[in-house]
Every structure is written in structure tokens, then in C-alpha cells.
Amino acid sequence: MNSEAANQRTQAAPDPKPDKARRLSRRVIPGFGLSMGITITWLTLMVLIPLAAVFIRTSGMGWEEFWRAVTSRQVVASYKVTFGVSLLAAMTNAVFGFIVAWILTRYRFPMRKLVDALVDLPFALPTAVAGLALTALYAETGWLGQLFYPLGIETAYSRTGIFIALTFIGLPFVVRTVQPVLEDFDREVEEAAASLGAGRLRTFVSVVLPALVPALLTGFALAFARAVGEYGSVIFISGNMPMRTEITPLVIVKHLENYNYPHATAVACVMLVASFAMLLVVNLLQRWSESIGQARG
Amino acid sequence: MSITASNINKTFGDYRALIDVNLEVPEGKLVSLLGPSGSGKTTLLRILAGLEFPDDDGGGSVSFHGVDVTRTTAGKRGVGFVFQHYALFRHMTVENNVSFGLRAKPARQRPDKAAIKARVRELLQLVQLDGLQQRYPSELSGGQRQRVALARALAVEPKVLLLDEPFGALDARVRKDLRWWLRKFQEEIGITTVFVTHDQEEALELADSVVVMNNARIEQVGDPQTVYDRPASPFVYEFLGDVNRIDGLGPAGVPLYIRPHEIRLCFAAEAPVARSARVLHLFAAGPTARVTLKLDGSDRPLTVDATREQVDDMALQPGDVVGVQWPGQIERAAPPVS
């Protein structure tokens with residue numbers, strides 16, 4: 001906006017060579033008006049109108065009915081599953097994704113490029129394919145399920161199964177947000193801590209980690225948001241037992257299949273508000289961690 | 001505390017960064033490691049610090065005051081290291097940066113909070129930054145950051161201070177100020193100090209002793225005057241100050257190295273020993289005039305610092321032919337080609 005203001009000032013001032021000055025103060029690529037118009041139209045069509053529709057459709061039903069729709073025992077149970085397991089999966093990803101990012105940036109080993117590419121697989125794979133593959137592997141007779149069932153851990157058709165699927169699809173978010181920050185991290189800072197007598201643990205906890213917290217939070221938030229909305233990979237492995245392993249998106253789909261649109265949009269409304277709340281909290285957390293970090297010095 | 005490094009070899013993959021380096025730093029002195037980039041000076045400094053270790057099979061050792069520290073890590077050597085780009089902890093205030101070393105001590109040796117606070121204040125007064133305790137590094141200028149880095153390194157009371165291009169990232173004026181400040185500061189606290197620089201002026205003006213490095217080896221060690229007046233190798237001659245290299249005139253055809261101010265100009269017909277040269281360019285700034293000549297039988301331009309008076313007396317013009325001569329002992333001082 002600064003250059004906009006500058007532009008106006010140049011035009012207003014009695015400049016001996018107004019044409020040249022105006023030309024010089026312009027941006028390299030022109031067309032603010034056009035691109036802003038496209039931006040607003042696009043966001044309105046793709047984001048604002050659909051989101052508004054959710055609320056409008058919901059507003060058709062009375063407050064009491066809405067409340068009944070979003071607080072029925074089955075729905076509340078599904079919130080618990082969706083948000084609880086997503087949170088757990090995102091936290092797991094924060095830890096392991098961090099380790100993967102660390103390995104990829106700090107060490108040179110054979111096939112590093114391949115491992116690096118593998119991280120993106122959960123992005124690229126159709127979620128239904130992922131769901132089918134995971135179910136086949138973790139079912140009671142599957143390769144990996146065989147190992148867990150004798151220990152009493154039901155890896156498929158259970159919350160554990162949902163956890164596995166959500167961890168799978170959330171992994172790249174943490175890795176891809178932490179990796180670039182870690183690559184930029186100045187090794188001399190670690191050496192400075194070491195030369196001042198700090199041990200490895202202290203150096204990591206009080207020097208490296210604080211610099212990475214904003215990126216970790218972002219990665220965590222993205223993984224969590226993705227997990228909350230995940231449908232395709234979960235429904236195969238979860239078993240979809242009402243009250244136990246039914247996720248909220250599936251509740252919505254079930255309502256839709258029964259042509260019960262008001263109830264479907266009511267639950268969708270709750271998801272929407274929850275997502276906004278989450279975004280807000282994460283943004284605040286990020287701002288807070290950056291303000292104490294003064295991240296770019 | 002004195003430092004002795006002997007037979008240091010260091011290789012990175014195929015690259016030999018240091019070859020048979022021997023160095024002695026006397027207690028309380030300010031020593032500079034001077035050389036072009038890639039000469040191994042920073043690697044040597046890092047080995048003294050314990051951030052890098054000499055090759056296992058090289059048989060090299062580092063000792064502080066006679067105690068072998070070759071395999072001791074940086075944190076246990078008791079050195080203060082100042083990095084070229086400061087390496088401050090960006091998410092910590094100045095106070096927490098400076099006190100980091102004290103807070104990282106094991107619980108039994110750690111001073112209490114009040115003592116740490118007092119020590120930080122004392123250090124910041126020393127580096128003239130008292131009052132900035134609560135600032136973040138991003139709120140400081142380059143020179144201030146460098147001094148915070150210095151205060152942080154000094155907090156743990158190191159026996160040796162090591163600085164890697166301490167003024168490299170600063171602009172010219174701040175650089176000069178800090179240079180003198182560091183010299184005074186080092187004399188006051190009397191700490192053995194080694195600093196790396198590629199700036200010959202910095203090394204010559206500041207250090208008690210200059211270590212000139214090139215191609216992974218030490219070329220010469222000496223006080224600044226000796227190193228400048230009696231270079232031990234062609235490299236040192238060419239690296240320190242302006243010098244003319246004249247091919248094929250020395251005994252057995254070796255090149256001669258003669259500084260511009262050592263050459264005298266005369267009229268071409270005057271002295272029988274004089275060699276003749278043609279004036280290419282003249283420029284007078286202040287009392288000295290820089291004359292660029294082309295010496296007969298040589299392709300390289302020859303620069304001469306004459307007095308402005310002489311240039312005026314001889315009424316020199318580009319294109320004139322003049323005689324040049326230099327005292328015989330200068331010729332003898334010219335080192336053989338290694």
C-alpha cells in the first residue's frame with residue numbers, strides 16, 4: 001500500500017517530469033485493480049458463498065431443533081472421536097514429523113532424496129486408496145494386524161485404526177513446515193551454545209526448539225485441521241460403529257443419505273465453527289511464539 | 001593462558017584445510033591470523049576453540065598452558081568464541097543471551113539469580129551496552145550485536161578469547177571504532193586473544209603478532225613491523241601492502257619484490273645504474289604522487305610513490321622516459337621464490 005500512497009503523492013506534486021516519475025514509482029507488474037477484482041470474486045464464489053449457505057440452510061430450522069440435532073448422543077460421541085483422535089494424531093505427527101524433518105535436513109545418507117519424496121505420498125495418494133491399504137495391512141489377518149491382535153491391540157475397526165489413518169494423512173504437514181525453517185537455522189548458534197558450556201539437551205531445548213516452535217505449531221495445526229475433516233481414508237478402517245468409531249463427517253454423510261439436509265448442515269455448522277475457533281487459537285499461538293522469538297532478527 | 005598448537009593437519013573429504021601447522025600464542029597477547037579466504041585461518045581458529053578437531057592420524061595436538069586439550073570439546077576448554085555473524089540467540093533478550101553460559105552451568109557451580117544479574121550488568125557496562133538488557137538482538141545495530149556476542153563469550157570467564165572475523169560484517173566506520181575499542185579492552189583485561197581477519201590493515205594495526213596464512217600453511221609469524229618490512233616469502237610480500245614484482249632481474253633470474261616507496265626516480269641520463277622506464281600515468285594525492293611506469297624489458301606496470309615535489313621538479317608528464325633505481329639492500333631483501 002505504501003507505493004500506492006507514493007503514487008498518489010507523485011501525481012499531486014508539481015513534478016517537473018510527472019510522466020517519468022509516475023512510471024518509475026509503478027510496480028513492475030501492473031494490474032492491481034484487475035487482480036484484486038478476480039481475487040474477491042474468486043474467494044466469494046469458492047469460499048464465502050458456500051460457507052454462508054451452510055448457515056443459511058441451518059437457520060431454516062428452529063433453535064431448539066438445531067440444538068437437538070447437534071447435541072444428540074450419537075453426534076456428541078462422534079465429536080469426541082473426531083476431535084480427540086485428531087488431536088492425538090496431530091500431536092504424534094508433531095513429534096515424529098519433527099524427527100523426520102531433522103533427519104532430512106541434518107544428515108546425508110543414501111536414498112535421502114527418495115525418503116524426502118516419500119514424505120509427500122500421503123498428499124498425493126487418493127484417500128480411499130490409503131484407507132483400503134491401511135485396512136488390509138492392519139486388519140486381524142493383515143501383515144501388521146497379525147502382530148498387534150495377539151497383544152490385545154485392535155488395529156482395525158477401532159479408534160486405534162482411526163488414529164493410524166489420521167497419523168498417515170497428517171505426516172507431511174509437519175515435515176514440510178518444519179523442514180525449511182530447520183534448513184535456514186544457523187549452525188553457528190548451536191556451536192555458540194556448545195562453546196558456552198551447554199550440553200546437547202540444553203542446546204536443543206533452549207536454543208534450537210524455540211526457533212522452531214512457530215513452524216511446529218503451524219504444522220501441528222494443519223495436520224489437526226486435515227484430520228478433523230478427513231473422511232475417505234478413515235471410513236474404511238474405522239468400522240463406523242455409532243457411538244464408538246463413528247467420525248463427525250460420516251454423521252453428516254449419513255444425514256445426507258437420509259435426505260435430512262437440515263440436520264446435516266446443522267452438524268456441518270458445528271464443524272465450521274470449531275474449525276474457525278481452531279484457526280484463531282493457532283494464529284494467536286503463532287503470533288505469541290513469534291513475538292517472544294522475534295523470529296526474524 | 002598461552003596456547004600451543006603443533007603438527008595440526010585437517011582434511012575435509014579430499015580437501016586439505018591445514019597442513020603441518022605449528023603455532024605458539026604467548027599469554028596475554030593479541031594475535032591475528034591473516035590470510036586470504038580458503039587459507040585455513042578460520043579452521044585453525046575453530047581447532048583452537050574445540051569446535052573442530054585435528055585429523056586423528058596427523059598426530060597434532062593443542063595445549064593450553066601446557067595442558068593437552070586436543071580432544072576436549074569447546075564447552076570444557078574455557079574459551080570464549082565470537083562468531084562472524086554473532087550467532088546470538090534471537091528469541092532471548094540481551095540479558096538472557098549474556099547470562100546463557102552462567103545459566104548453563106551445573107547446579108552446584110551456578111551463581112544465584114541476583115549474582116547472575118549483577119554479572120550481566122557488569123559485562124554490559126564493560127561493552128558499553130548497560131541499559132539494553134531487555135532488548136532483543138533484532139532491535140540492536142550490528143556493532144551492538146557484536147558487543148553482546150563478546151559480552152556473552154566473556155560471561156563464563158574464559159582464559160582465551162577467539163574471534164572469527166569479528167568486524168567482517170560491519171560497515172567501515174563502525175569497524176574502525178570497534179577495532180580500537182577491542183585493542184583497549186584486550187589490554188585492560190589482559191586476556192590471550194586470537195582473531196581471524198582477511199584485512200591486512202586490521203591485522204597490522206591491531207595485533208601484537210601477525211600469523212600470515214596461505215594454502216593451508218603458515219607463511220610467516222612475526223610482529224607487524226617485521227612481517228611488513230621483511231616478508232619471509234613472495235606470498236607475504238604480495239599479500240601485505242603494495243608491492244612491485246619485477247621478473248628476471250634478481251640473482252639467477254628470480255623475481256624481485258620492491259615496495260613503491262622504495263623506488264627512486266631520476267632523469268634518464270643521470271645515473272649509470274638506473275634502469276629506464278616510461279611514465280604511463282600520474283596521480284598526486286596529498287604529499288605523495290603515485291607514478292605508474294613501464295619498465296624496459298618487463299610487461300608489468302611498475303608503481304612508484306614519489307614526493308609531489310619531486311614530480312613537480314622533474315616536470316614529469318605521461319610519456320616521459322625516466323630512470324629508476326632502488327638501494328642494493330632492498331634487492332637482497334627480496335626473498336627467493338619457493
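Chain naming here is simple, since letters A, B, ... match the order of the sequence lines and numbering starts at 1 in each.
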Inset, instruction - For atom CZ of R108(B), decide whether the heavy atoms of other residues, nucleotides or ligands shown that lie under 6.0 angstrom number more than 12. - result: no
Inset, instruction - Please look at R46(B) and chain A and tell me whether the side chain, the backbone, both or neither of the residue comes under 4.5 angstrom of a heavy atom of that chain. - result: side chain
Legend entry - Which atom of A74(B) lies closest to which atom of S195(A), heavy atoms considered: CB-CA, 3.9 Å
Legend entry - Closest-packed option against chain B by number of heavy-atom pairs under 4.5 Å, given A192(A), G199(A), G197(A): A192(A)
Legend entry - Pairwise distance CZ(R187(A)) to CZ(F83(B)) - rounded to 0.5 angstrom: 11.5 Å
Legend entry - Contact class of L88(B) relative to chain A, heavy atoms under 4.5 angstrom: backbone
Legend entry - Flag if over 12 foreign heavy atoms under 6.0 Å of CZ, F123(A): yes
Legend entry - V207(A) side chain near F100(B) side chain, heavy-atom distance below 4.5 Å: yes
Inset, instruction - Below 4.5 Å from any heavy atom of chain A, which atoms of V156(B) appear? Answer side chain, backbone, both or neither. - result: side chain
Inset, instruction - Please report the closest heavy-atom contact between E188(A) and Q84(B), naming both atoms and the distance. - result: OE1-N, 4.4 Å
Inset, instruction - Sort A155(B) into side chain, backbone, both or neither according to what part of it lies under 4.5 angstrom from a heavy atom of chain A. - result: neither
Legend entry - Donor-acceptor under 3.5 Å (H91(B) side chain, S206(A) main chain): yes
Inset, instruction - Please look at A194(A) and chain B and tell me whether the side chain, the backbone, both or neither of the residue comes under 4.5 angstrom of a heavy atom of that chain. - result: backbone
Legend entry - Exceeds 12 heavy-atom contacts within 6.0 angstrom, atom CZ of R200(A): no
Inset, instruction - Can you establish whether the number of heavy atoms outside F204(A) located under 6.0 Å from its atom CZ is more than 12? - result: yes
Inset, instruction - Specify which of T203(A), V189(A), V213(A), D186(A) makes the most heavy-atom pairs with chain B at under 4.5 Å. - result: V189(A)
